[in-house]
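Below is one structure, written out as structure tokens; the observations come after it.
We count ligands from 1, going down the list as the structure has it; atoms in each ligand are counted the same way.
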Amino acid sequence: MPYLNITEVESGVTSLAAAFPATDLIELPEPTFEGRTCHALRIGTHRLEPKPAVVLIGGAHAREWGSCEILVNLAADLLHAHAGGTGLAYGGTSFTSAQVRAIMEKLDVVVFPLVNPDGRHYSQTVDPMWRRNRNPAQSGGNPAAVGVDLNRNYDHLFDYRTAFHPSAPVQVSDNPANPDQVYQGPEPFSEPEPRNVRWLLDHFVRTRWFVDVHSYTQKMLYVWGDDHNQSVDPAKNFRNPLFDGKRGLKDGLLYAEFIEKGDADDSAVLAERFCEALKGVRGKKYSPEPGFDLYPTCGTSDDYTYARHIVSGQEEEKILAFTVEWGMDFHPPWAEMEKIVLDVDAGLVQFCLTALA
Ligand SMILES: [Zn+2]
């Protein structure tokens, strides 16, 4: 089986919703620029009971094809195993039927496998290296300037020229024709696709964990992405203008982003357990690390999602947020991608179990 096209990803979601009663099909409110409607799937029994939710999204970056397959397959695995009363086996990593049942009964698992259908369609039919959505509004008629990097469009340190040190190698641009395709868009949440993700987080008020599936580099990243983490000086935080112009230096001591020690520890444990279960499948080594260790970023889904409770002042709304960077290629040969699907799904099942513990 080759990679799924966008119709097949959609039908994967809708057919699971039709086949399994322990699901809800969720229509996202915002159509894409090309008029496509997106769907997510809520998985879990006891629909009416208040349960914590884990939100899993993928396919925001168009060329990172396998993310959609990873999430559709995860949903199918959980639903089939639960319905059949079986466990799950991924190579050398396996889970018992009781563990599957615990995930299905005690969590709402919300799977949104294709955030950016316009971009995926373009990547699979025209330009395999396409990363952005297909919104031409800021392009000025230049085909190379179409689209926004959806994982730079969230409302977090969006004004990077103010927030970061001029020498910080922050991976973002305010130029629509930026050749690295990291154009952030004209303003935070200018694009319907991140607004759909925000809507999911608003809709599932008990969301406590969030994972955005990307490729590549074989990492499981957690917050923060703008600078090193520290848990000693709360004044050094993304909202404090005293530290504008100081963020994002790799070896600088001017700044490091505050994260509560408990959150840093919990995030590290969740990322480590993910990597251990993944390694058990066939030995692939993924690194659990803060996002900043990859490169400094702003406007990303994970930092935005974790920062929501700080901005709102509502501690009970806290969401621990992560980014998977699977594999070592944007779209490896399908025979390898099939194995990566098993790797990452084993990690994500363990992630859910660790969250529950
Ligand atoms: Zn990506």
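Looking only at N/O/S atoms, His61 comes nearest to the Zn ion (ligand 1) through ND1. If you look at His214 and ask which of its N, O or S atoms sits nearest the Zn ion (ligand 1), the answer is ND1.
Looking at Asn153 and Glu191, their side chains never bring a donor and an acceptor atom within 3.5 Å of each other. The closest side-chain donor-acceptor pair between Asp329 and His331, if any, does not fall under 3.5 angstrom. No side-chain donor-acceptor contact under 3.5 Å links Tyr122 and Asn133. Side-chain contact, Thr300 with Asp302: a donor N or O sits under 3.5 Å from an acceptor N or O.
Among the backbone and side-chain atoms of Glu64, an N/O/S atom is found under 2.8 Å from the Zn ion (ligand 1).
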